[in-house]
Amino acid sequence: MEFETMSNATTTTLKLIGRLDTTSAPELEAELDKCLNGTTELIMDFENLKYISSAGLRVVLKAQKIMNTQGSMKLIHVNDSIMEVLDITGFVDILTIE
Amino acid sequence: MILRLNNYLKGVNWIMEKNDSTRKINLELLELGRKTIANLEAVCEEPMKHNEALLMQILEHNKDTEYGKKMGFADIHSVEEYQRKMPITTYDDYAEYILRMTENGEQNLICADEIHHYNKTSGTMGTPKRIPMTDRALEHFQRYSLISQFALAEKECGMDFVNGRHFTVAEIPDIEGCLPCGASYSAVSQKVGRMQRSLMPDILTAPNDVMFPVGEMNTRYLRARYALMERDTVSIRGSFFSFLLDQLRYIESDWELLCNDIETGTIDASITMPAEVRQKLERELQPMPERAKELREIFRGGFETPIVKKLWPKLTFVSAIATGAFVPSFNMTRERYLGNDIPVIKLGIVASEGIFTTVYAANQDDGVVIPDENFYEFLPLDAGDDFSKILTLDQVEIGKEYELILTNTSGLYRYRMKDVMRVVGKYKNAPTMLFSYRRDQTISIMGEKTTEKALTAAIQKTADELGFTLVDFSVYADVEASPMRYQYFVEIENLPANVSPKIIRATLDEYLAEVNPSMGEKIRAKICGGTRLNFLEPEAYRLYRDMMTARGAAAIQIKPVHIIANERQRKFFFGMTEYSCEIMR
C-alpha cells in the first residue's frame, strides 16, 4: 500500500494506492495520525484503491469520527468495486462520497 | 529537599485519603448489598405470599389513575379476579398514554407515581420504545443488578475487595436524553450508571472523564490504560460479557502502546479525544516505569494462559450478563483471559421493563425470581395464545419453559414480555430461571422454529468439538435458495490446521439436527438445504459495533446479531464474508 499526501493550510488530500487490508490498515492509521493535526478538510482519493477489508474500513471510520469533530471528510473517485463494499456494509450512509 | 519531602508526604496523604474513601464507599455498598440479599432471602421463603401482596399494593396504589379507573383496579381483590378482569397487554395498549405523558407531561394516567425517567429500549425488534420507570423501580434495579454483587462476592471470597477499585467496562454519554415533559430518556443501564456518578471517582479505576465521554474518544484505550495502571484492581464489571471480551482483546492487541504510555505518563497522539480532555488527563497522569516494566514482562509471556490474574493479582470477581446471546463471548473470555479460578457473578435477567431475577451466588448460571419486585405470570409455551392456561409463581414446574407476563410498579399490567424463561431449580421456595430466548427471536423457514438459544448451542458445540475459538456468529434464513436453508456467518480464531471448512460445516449440521430435530429431519428429507457456512473477515463484529455507534446507537445497547433481521444486517454480513462452504449439488 502506498500513500500520497498533499496538504495545504487546512486541507489534506490522501491518495491511497493498492490494497487496504489487515497489513496496510495500521500504516494508514499512522499516516492519518501524522497529517490530521490542524486539518479541517480531509479528502481521501480512492481512485487507485484496489481492495478494502474490514480492518481498512475501521480506519476509514475512525478518520470520519475524528473529522466529525474538527471539520469534514469526503471520499472521491471511488471505483465500482470499492463502492460495492461501502454500499453492502452500510458505510455509504455514514461517509460523504463524491 | 524539605519542599520535595513535603510534596512526597502530601502525595502519601492524598493516596491514603483516596484509599480511605474507596474503602468507605465499597463498605457502604457492601452493607446495602447485604441488606438486599437478606431481603431476598426472606421473601424467597414465601414467594407467592409476597408476590400476591405486591400485586394488591400495585392495584391499590394505582386505582385512581386513568387506566386504573378504566380497568376497575379498586374492585380487584385477588389474583384470580385480576386474571379474570385484566386483559393481557402489549406496548400498543400503553402507547397513547405514554405519548401524552412524555409529550404533554400528563400525570396519573397509567401510574400514580410521577415518572422522572423513561427507558429507551434497545430496539432489537423495532423502533425504540419509551418505557416508564418509577424512582422506586430504578433504585431496586440498581440494588439487584449492581449492589447485590458486593454481598455475593463477599460470600465467595471474603471482603478484601473493599480496599480496591473496580475496572468497569462501560461508557455513559455525558449528555442525557430528555423528553418534552422534562423526564430523562436513556437506556436503563445508562440511567443507573448516571445515578452512581458521584461515587465513581472513588471506586472505579477510570475517572469520570472516561466513564462519561464527551465527543469522540477512544474509550477502549482509556479504560484499559487506567485499569492497567491500577495493580490492585479488585473486579472487572460490565453490562454484557461481549463488552468485557472486546476490552480484553483490545489490551491484547495494543499492550505495547499502553505500556509505553504508562511508562512515560503520557497519552499517545494517535488516541482520539477532545484536546481539553487530553490536557486534563495528561496533567493528572504520572509516569509509572515500574508498573510498565511489570506489565511488559507479563504481556511478553504471551496470552496462552489466562492473563487477568497476572495483571491484577487482587482481582476478586468478574461480573456481567453471560447467559442467552452472551454465552459465546463468556466462554471465550473465560477460556482466553479469565481461567476457571476467578468467581464470575453472571447477573440476572433484566430489561427496560425492570429486573426480574437476580443471582443468589457466584458462579451460578440461574437467577432467582425477585418476589417483591414485580407480579409475575407465566404462559406455558404449548398454550399458544390461550391465556386461560397462564400460571403464577407457585405453579411453574422445573424443567419447563414459559413466556413471562409482567405487572410492574411503573404502569405496565399483565404485559407480554415475549421473553422465554426456563425454570431450572429453586432457591429457598422461589423458582430459579434462565433466560432462554426471545419469542420473536426465532428463525423458521419451513415451520421448524429454531430458537436463538438452539442456534447458539449448535455453533458453540461445533467450536468446542473441533477446537476453534468462536468470536461470534449470525444466522440468516435464506428463503431464496432452493431448497431453502440457513446461512451461518462465523468469525473464528485459532482454527486447528487439520480442521477444514467442510468439517466445520458438516459438524454444525449434525449439531443443528441435535438441538432442533425438526430441522435435522427437514434437511435429511431435503425439504430444507444443508447449512451454508460463511467465514467472516477478522474483526467483522468489532466493525459492526463501530458502525452502529457511528450511526448513533448507544454502545451499551448493541447486542450480538445472532438472527439477521433486516436488510442492513444482511448486506453487512454478506459483505464481510471472506469465503463460504456449502454442500454442492
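No experiment lies behind these values; they were computed from the predicted model shown. Protein chains get the first letters and strands the later ones, always in sequence-line order, with residue 1 at the start of each.
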Contact class of B:S270 relative to chain A, heavy atoms under 4.5 angstrom: both
Atom pair CE/OG of B:M547 and A:S54 - distance to nearest 0.5 Å: 12.5 Å
Rounded distance (nearest 0.5 Å) linking atom CG of A:L36 with atom OG1 of B:T272: 9.0 Å
Neighbour count above 12 (heavy atom, 6.0 Å) for B:E567 CD: yes
Distance (rounded to the nearest 0.5 Å) between A:L57 CG and B:Y544 OH: 15.0 Å
Region of A:T69 that comes under 4.5 Å of a non-hydrogen atom in chain B: side chain
Rounded distance (nearest 0.5 Å) linking atom CZ of A:R58 with atom CZ of B:R542: 4.0 Å
Members of residues 86-98 of chain A whose heavy atoms come closer than 4.5 Å to chain B: A:D87, A:I88, A:T89, A:G90, A:F91, A:D93, A:I94
Heavy-atom neighbours of A:E84 CD exceed 12 at 6.0 Å: no
Atom pair NZ/CG of A:K62 and B:D546 - distance to nearest 0.5 Å: 11.0 Å
Heavy-atom contacts under 4.5 Å, residues 7-28 of chain A to chain B: none
Most contacts with chain B, counted as non-hydrogen pairs under 4.5 angstrom, among A:D33, A:V85, A:N37: A:D33
